[in-house]
2 protein chains.
Amino acid sequence: MTQTYTIGELGRLTDTKVETVRYYERIGLLPHPPRSSGNYRVYDRAHLGRLGFIRRARELGFSLEQVRELLELSGQDAQPCEQVDELVQTHVTDIERRIHDLQTLRQELTQLLAQCQHGKVAECRIIEALQPHVDGQTAA
Amino acid sequence: MTQTYTIGELGRLTDTKVETVRYYERIGLLPHPPRSSGNYRVYDRAHLGRLGFIRRARELGFSLEQVRELLELSGQDAQPCEQVDELVQTHVTDIERRIHDLQTLRQELTQLLAQCQHGKVAECRIIEALQPHVDGQTAA
DNA sequence: CTTGACCCTGTAGTGACTACAGGGTGGATA
DNA sequence: TATCCACCCTGTAGTCACTACAGGGTCAAG
């Protein structure tokens, strides 16, 4: 009655490429499953759950190292979830920094675009803005 | 009178690691410079300018492939700067998509954090949210 | 008994660097 | 002149999270 899955089925159920499932096993995120007589990997519902967890965490932008920690923490039912909180908070802060950086970038580029007169490359403000301001001096 | 630089000087002037300068040469972004009697790379102001251009474009988030195109375009003084515009516009669109994705992510995570009751891991909403909804059915 | 979909291992590629290991060069100092 | 040290050289491998083969084996259907 305990349902089993091939690697392909597991992949389909979790939207994961077969190669990726094997990769997770190689790096120790998924346990080595038992093998069939034909040397096929045989997964059960626990594997399916664990892989689902990994994939969901990845969708939320956690690194595999963070996923590893989350998996570790998720097993410690009796512990306070402080560390979980902290990990997620760190991740949010990181995301906010990235958003901010991208917004700065976007503004710089938008300004460049606005300055473009749609003339020849020679007088293009964009190209110009990329040229470093190398002055004429022959410094020692 | 034509000033020259060692790779280290070039690196300092453009805030680039020496290894990175050599890397750019290896992938053909920077030309092979002449060598000194002791086999040291000897750079001139043109190299400095080109590397400065590359670094500035990288700061603006362009990929090395895009930088390659920009360098190519920047040499065609007589051409209209339409292609430059287009490349930058594509990049802005890409950045906007990334900002949007990150904002979505941020909201999801913030909601998770807000739901956390700061209790035990067993009843943690965050861990729970990561658990896939595997139902009890034994589907064929 | 053959086809075709699936599975296996192992290796190498992606982007943009970064980090060695193991050596050579060049200028200043003792 | 010897030695020191900062710098330079080449070549290779590591990072992250996969992805893409090559070259084979397995299994169920027709």
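These numbers were taken from a predicted model, which means no experiment stands behind them. All chains are named by letter (A, B, ...) in the order of the sequence lines, taking the proteins before the strands, and each is independently numbered beginning at 1.
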Measure NZ/A:Lys17 against C1'/C:dG13 and give the value in whole Å, please.
15 Å
More than 12 non-hydrogen atoms from neighbouring residues, nucleotides or ligands closer than 6.0 Å to CZ on B:Arg22, yes or no?
yes
Say whether B:Tyr43 and B:Tyr40 are linked into one hydrophobic cluster, either directly or through other cluster members, by side-chain heavy-atom distances under 4.5 angstrom.
no
Protein-nucleotide distance (B:Arg26, atom CZ; D:dG11, atom C1'), rounded to Å
9 Å
Give the nucleotide from the list C:dC6, C:dG26, D:dC8 with an atom nearest to the side chain of B:Thr6.
D:dC8
Assign each of B:Arg58 and A:Arg22 to its nearest nucleotide of DNA chain C by heavy atoms, then name whichever residue's nucleotide is nearer the 5' end.
A:Arg22
Taking for A:Thr20 and for B:Gly38 the nucleotide of DNA chain D with the nearest heavy atom, the one nearer the 5' end belongs to B:Gly38
Just how far, in rounded Å, is P of D:dA17 from OH of A:Tyr24?
9 Å
Can you tell me which nucleotide in C:dC20, D:dC18, C:dC17 comes closest to the side chain of A:Tyr23?
D:dC18
What is the distance from CD of A:Glu25 to C1' of D:dA17, rounded to the nearest Å?
17 Å
What integer distance in Å separates B:Glu19:CD from D:dC7:C1'?
12 Å
Using a cut-off of less than 4.0 Å, is there contact between a side-chain N or O of A:Arg35 and OP1 or OP2 of C:dT9?
yes
In whole angstrom, what separates A:Ile7's CD1 from D:dG25's C1'?
15 Å
Interatomic distance, A:Ile27 CD1 vs D:dT15 P [rounded to whole Å]:
12 Å
Is there a donor in the side chain of B:Glu25 and an acceptor in the side chain of B:His32, or the other way round, less than 3.5 Å apart?
yes
Among A:Thr16, A:Thr14, A:Thr20, find the residue that satisfies the side-chain hydrogen bond (donor to acceptor under 3.5 Å, both in side chains) test when tested with A:Arg55.
A:Thr16
Any base atoms under 4.0 Å from A:Arg55, or only sugar-phosphate, or nothing? Heavy atoms, all strands.
sugar-phosphate
Side-chain N or O of A:Arg41 closer than 4.0 Å to phosphate OP1/OP2 of C:dC8:
yes
Mapping A:Ser63 and A:Ser36 to their closest nucleotides on DNA chain D, which lands nearer the 5' end?
A:Ser63
Please state how far atom OH in A:Tyr5 lies from atom C1' in C:dC6, giving the value in whole angstrom units.
18 Å
Would you find a donor on one side and an acceptor on the other, under 3.5 Å apart, between the side chain of A:His91 and the backbone of A:Leu60?
yes
D:dC27, C:dC17, D:dA17: which one has an atom nearest the side-chain heavy atoms of B:Leu64?
C:dC17
